[in-house]
Number of protein chains: 2
Amino acid sequence: MSVRRTSQREIILQELQKSRQHLTADQLFRVVRKKMPRISLATVYRNLELLSETGLIAKLEVSGRQRRFDSEVVGHDHVTCVQCHRVENVFLEGMKEDCPSHGVVDGYTIKGRRLEFFGLCPRCQKKNKVPKGDATMGCGCGCAKKMLTDEQKMVLQAMADFHGPCVAKDIAAATGLEAKLVTGKIADLKKQGFVDSPVRCKYGITADGRTAIKG
Amino acid sequence: MSVRRTSQREIILQELQKSRQHLTADQLFRVVRKKMPRISLATVYRNLELLSETGLIAKLEVSGRQRRFDSEVVGHDHVTCVQCHRVENVFLEGMKEDCPSHGVVDGYTIKGRRLEFFGLCPRCQKKNKVPKGDATMGCGCGCAKKMLTDEQKMVLQAMADFHGPCVAKDIAAATGLEAKLVTGKIADLKKQGFVDSPVRCKYGITADGRTAIKG
DNA sequence: ACCTAACTGATAACTATTACTAAATCAAGC
DNA sequence: GCTTGATTTAGTAATAGTTATCAGTTAGGT
Ligand SMILES: [Mn+2]
Ligand SMILES: [Mn+2]
Ligand SMILES: [Zn+2]
Ligand SMILES: [Zn+2]
(Lines give C-alpha, C1' and ligand atoms only; values in the text may rest on other atoms or scores of the structure.)
(Ligands and ions follow the chains in the order given, each with its own letter.)
Protein backbone atom coordinates (compact mmCIF):
# COMPACT_ATOMS: atom_id res chain seq x y z
CA MET A 1 0.00 0.00 0.00
CA SER A 2 2.76 2.32 1.03
CA VAL A 3 1.61 5.94 1.09
CA ARG A 4 -2.02 6.72 1.81
CA ARG A 5 -4.08 9.74 1.09
CA THR A 6 -5.32 11.32 4.28
CA SER A 7 -7.19 14.54 4.84
CA GLN A 8 -4.51 15.70 7.27
CA ARG A 9 -1.78 15.25 4.70
CA GLU A 10 -3.80 17.01 2.03
CA ILE A 11 -4.51 20.05 4.15
CA ILE A 12 -0.92 20.30 5.32
CA LEU A 13 0.41 20.31 1.76
CA GLN A 14 -2.34 22.62 0.57
CA GLU A 15 -1.80 25.20 3.29
CA LEU A 16 1.97 25.20 2.85
CA GLN A 17 1.56 25.79 -0.87
CA LYS A 18 -1.08 28.43 -0.32
CA SER A 19 1.08 30.35 2.16
CA ARG A 20 3.91 30.78 -0.38
CA GLN A 21 6.22 31.26 2.58
CA HIS A 22 8.88 29.30 4.38
CA LEU A 23 6.94 28.13 7.39
CA THR A 24 8.11 26.29 10.47
CA ALA A 25 6.23 23.18 11.58
CA ASP A 26 4.72 25.17 14.38
CA GLN A 27 3.53 28.02 12.17
CA LEU A 28 1.95 25.56 9.77
CA PHE A 29 0.35 23.73 12.69
CA ARG A 30 -1.37 26.93 13.76
CA VAL A 31 -2.65 27.53 10.22
CA VAL A 32 -3.85 23.96 9.69
CA ARG A 33 -5.55 23.84 13.07
CA LYS A 34 -8.01 26.47 11.91
CA LYS A 35 -9.40 24.02 9.35
CA MET A 36 -8.87 20.88 11.39
CA PRO A 37 -8.91 21.77 15.08
CA ARG A 38 -8.14 18.28 16.38
CA ILE A 39 -4.94 17.74 14.38
CA SER A 40 -1.81 17.04 16.35
CA LEU A 41 1.52 18.80 16.03
CA ALA A 42 3.14 15.39 15.71
CA THR A 43 1.02 14.72 12.64
CA VAL A 44 2.26 17.93 11.07
CA TYR A 45 5.88 16.95 11.72
CA ARG A 46 5.29 13.42 10.48
CA ASN A 47 3.71 14.57 7.24
CA LEU A 48 6.21 17.32 6.54
CA GLU A 49 8.91 14.69 6.84
CA LEU A 50 7.04 12.30 4.58
CA LEU A 51 6.20 14.94 1.99
CA SER A 52 9.81 16.03 1.81
CA GLU A 53 10.92 12.42 1.40
CA THR A 54 8.60 12.01 -1.55
CA GLY A 55 9.88 15.28 -3.01
CA LEU A 56 6.61 17.19 -2.92
CA ILE A 57 8.09 19.78 -0.61
CA ALA A 58 11.62 20.69 0.50
CA LYS A 59 13.09 20.66 3.95
CA LEU A 60 14.92 23.90 4.46
CA GLU A 61 17.90 24.18 6.74
CA VAL A 62 18.30 27.85 7.43
CA SER A 63 19.94 29.47 10.40
CA GLY A 64 18.00 29.65 13.58
CA ARG A 65 16.86 26.75 15.65
CA GLN A 66 13.71 25.94 13.74
CA ARG A 67 13.52 23.98 10.54
CA ARG A 68 11.44 25.46 7.75
CA PHE A 69 9.58 23.91 4.85
CA ASP A 70 9.34 25.08 1.29
CA SER A 71 6.61 24.20 -1.21
CA GLU A 72 8.91 25.33 -3.99
CA VAL A 73 11.17 22.41 -4.78
CA VAL A 74 13.13 23.60 -7.81
CA GLY A 75 16.66 24.74 -6.94
CA HIS A 76 16.94 28.20 -5.54
CA ASP A 77 18.58 29.99 -2.65
CA HIS A 78 17.37 32.09 0.25
CA VAL A 79 17.89 35.32 2.08
CA THR A 80 17.05 35.74 5.75
CA CYS A 81 16.27 39.10 7.30
CA VAL A 82 18.40 39.46 10.40
CA GLN A 83 15.74 41.65 12.01
CA CYS A 84 12.37 40.06 11.31
CA HIS A 85 13.72 36.60 10.40
CA ARG A 86 11.60 36.39 7.27
CA VAL A 87 13.01 34.01 4.69
CA GLU A 88 12.61 34.81 1.01
CA ASN A 89 13.68 33.17 -2.21
CA VAL A 90 16.70 34.29 -4.18
CA PHE A 91 17.18 33.23 -7.78
CA LEU A 92 20.72 33.97 -8.81
CA GLU A 93 21.47 33.92 -12.53
CA GLY A 94 24.81 32.94 -13.97
CA MET A 95 25.99 31.56 -10.71
CA LYS A 96 25.72 27.94 -11.52
CA GLU A 97 29.25 27.79 -12.87
CA ASP A 98 30.94 29.87 -10.23
CA CYS A 99 29.00 28.55 -7.31
CA PRO A 100 28.25 25.04 -8.43
CA SER A 101 25.70 22.77 -6.88
CA HIS A 102 27.35 19.77 -8.48
CA GLY A 103 30.89 18.85 -9.39
CA VAL A 104 34.07 18.49 -7.43
CA VAL A 105 35.44 20.74 -4.70
CA ASP A 106 38.71 19.84 -2.99
CA GLY A 107 38.31 16.16 -3.76
CA TYR A 108 34.69 16.03 -2.62
CA THR A 109 31.99 14.84 -4.99
CA ILE A 110 29.48 17.62 -4.57
CA LYS A 111 25.83 16.65 -4.59
CA GLY A 112 24.33 19.93 -3.56
CA ARG A 113 24.84 23.22 -1.87
CA ARG A 114 23.10 25.61 0.39
CA LEU A 115 23.47 29.32 -0.05
CA GLU A 116 21.90 31.68 2.41
CA PHE A 117 22.25 35.43 2.52
CA PHE A 118 21.76 37.54 5.59
CA GLY A 119 20.64 41.12 5.57
CA LEU A 120 17.90 43.62 6.13
CA CYS A 121 14.72 43.23 4.14
CA PRO A 122 13.29 46.33 2.44
CA ARG A 123 10.55 46.59 5.06
CA CYS A 124 13.01 46.57 7.96
CA GLN A 125 15.28 49.06 6.20
CA LYS A 126 12.35 51.40 5.83
CA LYS A 127 11.20 50.85 9.38
CA ASN A 128 14.67 51.65 10.74
CA LYS A 129 14.58 54.99 8.93
CA VAL A 130 11.34 56.09 10.62
CA PRO A 131 12.72 58.30 13.41
CA LYS A 132 9.87 57.89 15.87
CA GLY A 133 6.14 58.11 16.09
CA ASP A 134 3.88 55.41 14.69
CA ALA A 135 5.94 52.57 16.07
CA THR A 136 2.77 50.79 17.12
CA MET A 137 2.03 50.30 13.46
CA GLY A 138 4.41 47.37 13.54
CA CYS A 139 7.39 46.52 11.45
CA GLY A 140 5.36 45.79 8.32
CA CYS A 141 6.97 42.41 8.11
CA GLY A 142 3.76 40.44 8.31
CA CYS A 143 3.84 39.94 12.04
CA ALA A 144 0.29 41.11 12.72
CA LYS A 145 0.18 43.27 15.80
CA LYS A 146 -2.48 42.20 18.23
CA MET A 147 -4.04 44.02 21.15
CA LEU A 148 -2.16 43.61 24.39
CA THR A 149 -3.79 41.63 27.17
CA ASP A 150 -3.95 43.06 30.68
CA GLU A 151 -1.22 40.69 31.83
CA GLN A 152 1.00 41.66 28.92
CA LYS A 153 0.48 45.29 29.86
CA MET A 154 1.38 44.51 33.48
CA VAL A 155 4.63 42.91 32.37
CA LEU A 156 5.50 45.79 30.07
CA GLN A 157 4.69 48.36 32.76
CA ALA A 158 6.87 46.56 35.29
CA MET A 159 9.68 46.50 32.78
CA ALA A 160 9.28 50.20 32.13
CA ASP A 161 9.43 50.93 35.89
CA PHE A 162 12.50 48.76 36.23
CA HIS A 163 15.48 50.79 35.15
CA GLY A 164 17.94 48.79 33.08
CA PRO A 165 17.75 45.17 31.91
CA CYS A 166 15.99 42.73 34.18
CA VAL A 167 15.51 38.99 34.43
CA ALA A 168 12.16 37.24 34.31
CA LYS A 169 11.94 36.75 38.04
CA ASP A 170 12.31 40.49 38.64
CA ILE A 171 9.12 40.95 36.66
CA ALA A 172 7.46 38.07 38.44
CA ALA A 173 8.27 39.74 41.76
CA ALA A 174 7.10 43.17 40.59
CA THR A 175 3.82 41.96 39.09
CA GLY A 176 3.05 39.10 41.43
CA LEU A 177 2.56 36.86 38.39
CA GLU A 178 3.91 33.34 38.24
CA ALA A 179 7.49 33.24 36.94
CA LYS A 180 6.72 30.66 34.28
CA LEU A 181 3.86 32.74 32.95
CA VAL A 182 6.03 35.82 32.87
CA THR A 183 8.64 34.01 30.78
CA GLY A 184 5.98 33.22 28.21
CA LYS A 185 4.64 36.77 28.15
CA ILE A 186 8.14 38.14 27.65
CA ALA A 187 8.70 35.79 24.72
CA ASP A 188 5.45 36.97 23.11
CA LEU A 189 6.24 40.61 23.69
CA LYS A 190 9.71 40.09 22.24
CA LYS A 191 8.20 38.62 19.08
CA GLN A 192 6.03 41.70 18.77
CA GLY A 193 9.01 43.98 19.24
CA PHE A 194 7.93 45.46 22.56
CA VAL A 195 10.72 43.80 24.48
CA ASP A 196 14.27 43.06 23.53
CA SER A 197 17.12 41.19 25.10
CA PRO A 198 20.31 43.25 25.23
CA VAL A 199 22.06 40.47 27.12
CA ARG A 200 21.10 36.85 27.36
CA CYS A 201 18.59 36.26 30.16
CA LYS A 202 18.05 40.00 30.55
CA TYR A 203 15.20 41.89 29.03
CA GLY A 204 14.25 45.49 28.52
CA ILE A 205 11.32 47.44 27.16
CA THR A 206 11.76 48.93 23.70
CA ALA A 207 10.60 52.30 22.39
CA ASP A 208 7.72 50.42 20.72
CA GLY A 209 6.88 48.88 24.06
CA ARG A 210 6.71 52.24 25.80
CA THR A 211 4.43 53.59 23.11
CA ALA A 212 2.21 50.54 23.44
CA ILE A 213 1.50 51.03 27.13
CA LYS A 214 0.96 54.75 26.73
CA GLY A 215 -1.88 54.24 24.23
CA MET B 1 36.63 44.83 34.43
CA SER B 2 34.72 43.13 31.72
CA VAL B 3 36.41 39.99 30.40
CA ARG B 4 38.70 37.98 32.63
CA ARG B 5 41.35 35.45 31.88
CA THR B 6 40.49 32.04 33.26
CA SER B 7 42.19 28.72 32.82
CA GLN B 8 38.97 27.18 31.51
CA ARG B 9 38.66 29.78 28.79
CA GLU B 10 42.31 29.41 27.83
CA ILE B 11 42.13 25.65 27.47
CA ILE B 12 38.89 25.79 25.50
CA LEU B 13 40.36 28.21 22.98
CA GLN B 14 43.66 26.35 22.86
CA GLU B 15 42.09 22.95 22.25
CA LEU B 16 39.76 24.26 19.57
CA GLN B 17 42.69 25.85 17.76
CA LYS B 18 44.82 22.76 18.18
CA SER B 19 42.14 20.46 16.78
CA ARG B 20 41.96 22.40 13.49
CA GLN B 21 38.49 20.99 13.06
CA HIS B 22 34.93 22.19 13.31
CA LEU B 23 33.96 20.79 16.67
CA THR B 24 30.62 20.77 18.40
CA ALA B 25 30.40 22.01 21.99
CA ASP B 26 30.08 18.44 23.12
CA GLN B 27 33.10 17.19 21.20
CA LEU B 28 35.20 20.01 22.57
CA PHE B 29 33.90 19.29 26.05
CA ARG B 30 35.18 15.73 25.81
CA VAL B 31 38.58 16.93 24.64
CA VAL B 32 38.91 19.63 27.28
CA ARG B 33 37.76 17.31 30.05
CA LYS B 34 40.91 15.25 29.57
CA LYS B 35 43.00 18.19 30.74
CA MET B 36 40.48 19.59 33.20
CA PRO B 37 38.23 16.79 34.41
CA ARG B 38 35.97 18.93 36.59
CA ILE B 39 34.96 21.40 33.87
CA SER B 40 31.27 21.70 33.15
CA LEU B 41 29.61 21.47 29.75
CA ALA B 42 27.84 24.74 30.55
CA THR B 43 31.22 26.40 30.92
CA VAL B 44 32.22 25.20 27.47
CA TYR B 45 29.03 26.60 25.96
CA ARG B 46 29.39 29.88 27.85
CA ASN B 47 32.95 30.40 26.73
CA LEU B 48 32.37 29.40 23.12
CA GLU B 49 29.63 32.00 23.04
CA LEU B 50 31.86 34.61 24.64
CA LEU B 51 34.84 33.82 22.43
CA SER B 52 32.70 34.11 19.33
CA GLU B 53 31.31 37.43 20.53
CA THR B 54 34.81 38.79 20.93
CA GLY B 55 35.71 37.47 17.47
CA LEU B 56 38.41 35.04 18.55
CA ILE B 57 36.46 32.12 17.11
CA ALA B 58 33.49 31.77 14.77
CA LYS B 59 30.13 30.22 15.42
CA LEU B 60 29.31 27.94 12.55
CA GLU B 61 25.76 27.18 11.51
CA VAL B 62 25.97 24.11 9.35
CA SER B 63 23.26 21.59 8.67
CA GLY B 64 22.55 19.07 11.31
CA ARG B 65 21.20 19.82 14.69
CA GLN B 66 24.43 20.71 16.44
CA ARG B 67 26.22 24.00 16.23
CA ARG B 68 29.93 23.90 15.44
CA PHE B 69 32.78 26.23 16.24
CA ASP B 70 35.65 27.32 14.05
CA SER B 71 39.00 28.66 15.20
CA GLU B 72 39.54 30.06 11.72
CA VAL B 73 37.75 33.40 11.61
CA VAL B 74 38.70 34.80 8.20
CA GLY B 75 35.93 34.40 5.62
CA HIS B 76 35.67 31.01 4.05
CA ASP B 77 33.05 28.41 3.27
CA HIS B 78 32.50 24.78 4.15
CA VAL B 79 31.77 21.39 2.74
CA THR B 80 30.00 18.70 4.73
CA CYS B 81 30.36 15.02 3.97
CA VAL B 82 26.89 13.53 3.75
CA GLN B 83 28.19 10.19 4.96
CA CYS B 84 30.62 10.86 7.82
CA HIS B 85 29.38 14.42 8.57
CA ARG B 86 32.91 15.78 8.63
CA VAL B 87 33.06 19.51 7.95
CA GLU B 88 36.00 20.94 6.05
CA ASN B 89 37.00 24.36 4.82
CA VAL B 90 36.52 25.52 1.26
CA PHE B 91 38.30 28.57 -0.06
CA LEU B 92 36.73 29.62 -3.33
CA GLU B 93 38.67 32.05 -5.47
CA GLY B 94 37.06 34.60 -7.74
CA MET B 95 33.69 34.01 -6.22
CA LYS B 96 33.43 37.16 -4.22
CA GLU B 97 31.84 39.06 -7.09
CA ASP B 98 29.49 36.37 -8.27
CA CYS B 99 28.51 35.13 -4.89
CA PRO B 100 28.78 38.29 -2.84
CA SER B 101 28.89 38.41 0.89
CA HIS B 102 27.96 42.08 0.85
CA GLY B 103 25.86 44.23 -1.39
CA VAL B 104 22.24 44.17 -2.42
CA VAL B 105 20.10 41.20 -3.43
CA ASP B 106 16.45 41.71 -4.31
CA GLY B 107 16.20 44.85 -2.23
CA TYR B 108 17.93 43.34 0.79
CA THR B 109 21.04 44.97 2.23
CA ILE B 110 23.28 41.93 2.46
CA LYS B 111 25.55 41.72 5.48
CA GLY B 112 26.82 38.22 5.02
CA ARG B 113 26.27 34.84 3.52
CA ARG B 114 26.66 31.23 4.28
CA LEU B 115 27.69 28.76 1.64
CA GLU B 116 27.79 25.09 2.40
CA PHE B 117 28.46 22.27 0.00
CA PHE B 118 27.29 18.72 0.47
CA GLY B 119 29.02 15.70 -0.92
CA LEU B 120 31.19 12.70 -0.33
CA CYS B 121 34.62 13.26 1.12
CA PRO B 122 37.56 11.47 -0.56
CA ARG B 123 37.73 8.98 2.30
CA CYS B 124 34.09 8.00 1.98
CA GLN B 125 34.34 7.77 -1.80
CA LYS B 126 37.20 5.35 -1.40
CA LYS B 127 35.37 3.37 1.24
CA ASN B 128 32.30 3.02 -0.96
CA LYS B 129 34.42 1.50 -3.71
CA VAL B 130 35.59 -1.36 -1.47
CA PRO B 131 33.20 -4.12 -2.63
CA LYS B 132 33.08 -6.21 0.51
CA GLY B 133 35.26 -7.77 3.14
CA ASP B 134 36.98 -5.56 5.67
CA ALA B 135 33.89 -3.57 6.54
CA THR B 136 34.80 -3.80 10.19
CA MET B 137 37.80 -1.63 9.40
CA GLY B 138 35.50 1.34 9.55
CA CYS B 139 34.88 4.13 7.13
CA GLY B 140 38.28 5.75 7.61
CA CYS B 141 36.59 9.02 8.40
CA GLY B 142 38.03 9.41 11.85
CA CYS B 143 35.13 7.73 13.61
CA ALA B 144 37.29 5.20 15.45
CA LYS B 145 35.62 1.85 15.46
CA LYS B 146 35.60 0.32 18.89
CA MET B 147 35.15 -3.27 19.95
CA LEU B 148 31.56 -4.23 20.47
CA THR B 149 30.41 -4.85 24.00
CA ASP B 150 28.51 -8.00 24.87
CA GLU B 151 25.27 -6.06 25.14
CA GLN B 152 25.84 -4.46 21.75
CA LYS B 153 26.42 -7.92 20.30
CA MET B 154 23.20 -9.15 21.93
CA VAL B 155 21.26 -6.32 20.33
CA LEU B 156 22.81 -6.93 16.92
CA GLN B 157 22.20 -10.67 17.14
CA ALA B 158 18.56 -10.13 18.08
CA MET B 159 18.19 -7.79 15.15
CA ALA B 160 19.72 -10.35 12.81
CA ASP B 161 17.31 -13.03 14.07
CA PHE B 162 14.40 -10.67 13.66
CA HIS B 163 13.44 -10.65 10.00
CA GLY B 164 12.59 -7.22 8.69
CA PRO B 165 12.72 -3.87 10.47
CA CYS B 166 11.93 -3.86 14.15
CA VAL B 167 11.29 -1.32 16.87
CA ALA B 168 13.37 -0.91 20.00
CA LYS B 169 10.92 -2.77 22.20
CA ASP B 170 11.11 -5.85 19.94
CA ILE B 171 14.79 -5.99 20.73
CA ALA B 172 14.15 -5.34 24.39
CA ALA B 173 11.74 -8.28 24.43
CA ALA B 174 14.12 -10.54 22.52
CA THR B 175 17.18 -9.75 24.61
CA GLY B 176 15.56 -9.15 27.98
CA LEU B 177 17.42 -5.85 28.20
CA GLU B 178 15.78 -2.67 29.40
CA ALA B 179 14.04 -0.77 26.57
CA LYS B 180 15.77 2.49 27.41
CA LEU B 181 19.16 0.83 27.31
CA VAL B 182 18.35 -0.81 24.01
CA THR B 183 17.46 2.56 22.47
CA GLY B 184 20.89 3.85 23.43
CA LYS B 185 22.68 0.80 22.06
CA ILE B 186 20.81 1.10 18.78
CA ALA B 187 21.82 4.73 18.47
CA ASP B 188 25.46 3.79 19.03
CA LEU B 189 25.33 0.93 16.58
CA LYS B 190 23.69 3.18 14.02
CA LYS B 191 26.54 5.68 14.37
CA GLN B 192 28.98 2.89 13.70
CA GLY B 193 27.05 1.76 10.63
CA PHE B 194 25.97 -1.60 12.02
CA VAL B 195 22.33 -0.64 12.19
CA ASP B 196 20.24 1.54 9.96
CA SER B 197 16.75 2.91 10.08
CA PRO B 198 14.81 2.23 6.86
CA VAL B 199 11.71 3.77 8.39
CA ARG B 200 11.41 6.07 11.34
CA CYS B 201 11.34 4.16 14.62
CA LYS B 202 12.25 0.94 12.83
CA TYR B 203 15.72 -0.48 12.72
CA GLY B 204 17.51 -3.22 10.87
CA ILE B 205 20.93 -4.75 10.86
CA THR B 206 23.24 -3.73 8.02
CA ALA B 207 25.70 -5.87 6.06
CA ASP B 208 28.45 -4.36 8.23
CA GLY B 209 26.46 -5.35 11.28
CA ARG B 210 26.21 -8.96 10.17
CA THR B 211 29.93 -9.08 9.51
CA ALA B 212 30.61 -7.63 12.94
CA ILE B 213 28.79 -10.37 14.84
CA LYS B 214 30.28 -13.12 12.71
CA GLY B 215 33.82 -12.12 13.63
C1' DA C 1 -17.76 -6.44 4.10
C1' DC C 2 -13.22 -7.71 5.71
C1' DC C 3 -8.53 -7.19 6.76
C1' DT C 4 -4.40 -5.11 7.88
C1' DA C 5 -0.60 -1.94 7.10
C1' DA C 6 -0.59 2.88 7.37
C1' DC C 7 -1.96 6.53 9.92
C1' DT C 8 -3.62 9.45 13.83
C1' DG C 9 -3.86 12.23 18.40
C1' DA C 10 -1.90 12.29 22.67
C1' DT C 11 1.85 12.26 25.26
C1' DA C 12 6.42 10.89 26.81
C1' DA C 13 11.12 11.09 25.79
C1' DC C 14 15.00 12.95 23.82
C1' DT C 15 18.80 16.33 22.40
C1' DA C 16 21.01 20.56 22.19
C1' DT C 17 21.16 24.62 24.35
C1' DT C 18 20.25 28.24 27.79
C1' DA C 19 19.05 29.86 32.57
C1' DC C 20 19.83 29.92 37.30
C1' DT C 21 22.28 29.59 41.81
C1' DA C 22 25.51 29.40 45.37
C1' DA C 23 30.29 29.03 45.79
C1' DA C 24 34.85 30.02 44.00
C1' DT C 25 38.12 33.02 41.72
C1' DC C 26 40.38 36.81 39.61
C1' DA C 27 42.28 41.42 39.62
C1' DA C 28 41.96 46.43 40.96
C1' DG C 29 42.95 49.43 44.52
C1' DC C 30 44.67 49.98 48.81
C1' DG D 1 49.79 41.05 50.89
C1' DC D 2 44.83 41.93 51.99
C1' DT D 3 40.20 43.46 50.88
C1' DT D 4 36.51 43.74 48.02
C1' DG D 5 33.31 42.96 44.60
C1' DA D 6 32.31 41.89 39.98
C1' DT D 7 33.05 37.66 37.00
C1' DT D 8 33.17 33.14 36.36
C1' DT D 9 32.44 28.52 37.60
C1' DA D 10 30.27 23.70 38.47
C1' DG D 11 26.22 21.69 38.86
C1' DT D 12 21.74 21.45 37.73
C1' DA D 13 17.10 22.81 36.22
C1' DA D 14 14.56 24.48 32.54
C1' DT D 15 13.55 25.21 27.81
C1' DA D 16 12.58 24.56 22.73
C1' DG D 17 12.20 21.80 18.98
C1' DT D 18 11.78 17.54 17.50
C1' DT D 19 11.21 12.47 17.56
C1' DA D 20 9.44 8.03 19.65
C1' DT D 21 5.88 5.29 21.41
C1' DC D 22 1.38 3.51 21.69
C1' DA D 23 -3.46 2.41 21.59
C1' DG D 24 -7.02 3.26 18.73
C1' DT D 25 -8.70 4.63 13.76
C1' DT D 26 -8.85 4.48 8.79
C1' DA D 27 -7.73 3.91 3.86
C1' DG D 28 -7.93 1.08 0.37
C1' DG D 29 -6.87 -3.51 -1.75
C1' DT D 30 -9.18 -8.21 -1.74
MN1 LIG E 1 12.25 28.87 -1.08
MN1 LIG F 1 36.14 26.59 8.82
ZN1 LIG G 1 12.80 42.24 7.96
ZN1 LIG H 1 33.12 11.22 4.70
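Just the heavy atoms: all of them, side chains too, but no hydrogens, waters or symmetry mates, feed the values below. Proteins come first, then strands; the chains are lettered A, B, ... in the order of their sequence lines, and each starts at number 1.
Scored by the side chain to side chain contact (heavy atoms under 4.5 Å, CB included) test, T24(A) finds D26(A), Q27(A), Q66(A), R68(A) as partners (sequence neighbours excluded). Take R67(A) and apply the salt bridge (charged side-chain N to carboxylate O under 4.0 Å, His left out) test, not counting sequence neighbours, and it matches no residue. With sequence neighbours left out, R9(B) forms a side chain to side chain donor-acceptor pair (under 3.5 Å) with N47(B). For L13(A), the side chain to side chain contact (heavy atoms under 4.5 Å, CB included) partners are Q17(A), L51(A), L56(A), I57(A), not counting sequence neighbours. Among residues two or more places apart in sequence or in another chain, the salt bridge (charged side-chain N to carboxylate O under 4.0 Å, His left out) test is passed with R20(B) by none. A search for ring-ring contact (aromatic ring centres under 6.0 Å, His included) contacts involving H78(B) returns H22(B), H76(B), not counting sequence neighbours. Considering only residues two or more places apart in sequence or on other chains, R5(A) meets the salt bridge (charged side-chain N to carboxylate O under 4.0 Å, His left out) condition with E10(A). Checked against salt bridge (charged side-chain N to carboxylate O under 4.0 Å, His left out), E61(B) has no partners two or more places apart in sequence or in another chain.
Remark: R65(A), Q66(A), R67(A) in residues 57-71 of chain A come within less than 4.0 Å of DNA chain D through at least one heavy atom. Of the residues in residues 8-27 of chain B, those lying under 4.0 Å from DNA chain D by heavy-atom distance are Q8(B), R9(B). At a non-hydrogen distance threshold of 4.0 Å, R38(A), I39(A) from residues 31-39 of chain A come into contact with DNA chain C.
Rounded to whole Å, the distance from CG on L48(A) to C1' on dG17(D) is 13 Å. Between the CG atom of L50(B) and the P atom of dA6(D) there is a distance of 18 Å, rounded to whole Å. Taking atom CD of E49(B) as the reference point, atom P of dC20(C) lies 15 Å away to the nearest angstrom. Residue L41(B) contributes atom CG, which lies 9 Å from atom C1' of dA16(C) at whole-angstrom precision. In this structure, CG of N47(B) is placed 14 Å from C1' of dT25(C), rounded to the nearest angstrom.
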Apply salt bridge (Lys or Arg N to Asp or Glu O under 4.0 Å) to the pair D70(B) and K59(B), showing each step before the final yes or no. CA-CA 6 Å; D70(B) 196 341; K59(B) 230 190 271 193; over 6 Å; no
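A salt bridge does not link R46(A) with E49(A): none of the charged nitrogens is closer than 4.0 Å to a carboxylate oxygen.
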Between the protein and nucleotides 25-28 of chain D, which nitrogen or oxygen pairs come in under 3.5 angstrom?
| unit_1 | atom_1 | unit_2 | atom_2 | d |
| --- | --- | --- | --- | --- |
| dT26(D) | O2 | R4(A) | NH1 | 2.6 |
| dA27(D) | N3 | R4(A) | NH2 | 3.2 |
| dG28(D) | OP1 | R5(A) | N | 2.8 |

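When all heavy atoms of F29(A) and S40(A) are compared, the pair lying nearest together is CE1-C, 3.7 Å. Counting all heavy atoms, side chain and backbone alike, L16(B) lies closest to S71(B) at O-OG, 3.9 Å.
When the nucleotides dA16(C), dT9(D), dT8(C) are ranked by their closest atom to the side chain of Y45(B), dA16(C) comes out on top.
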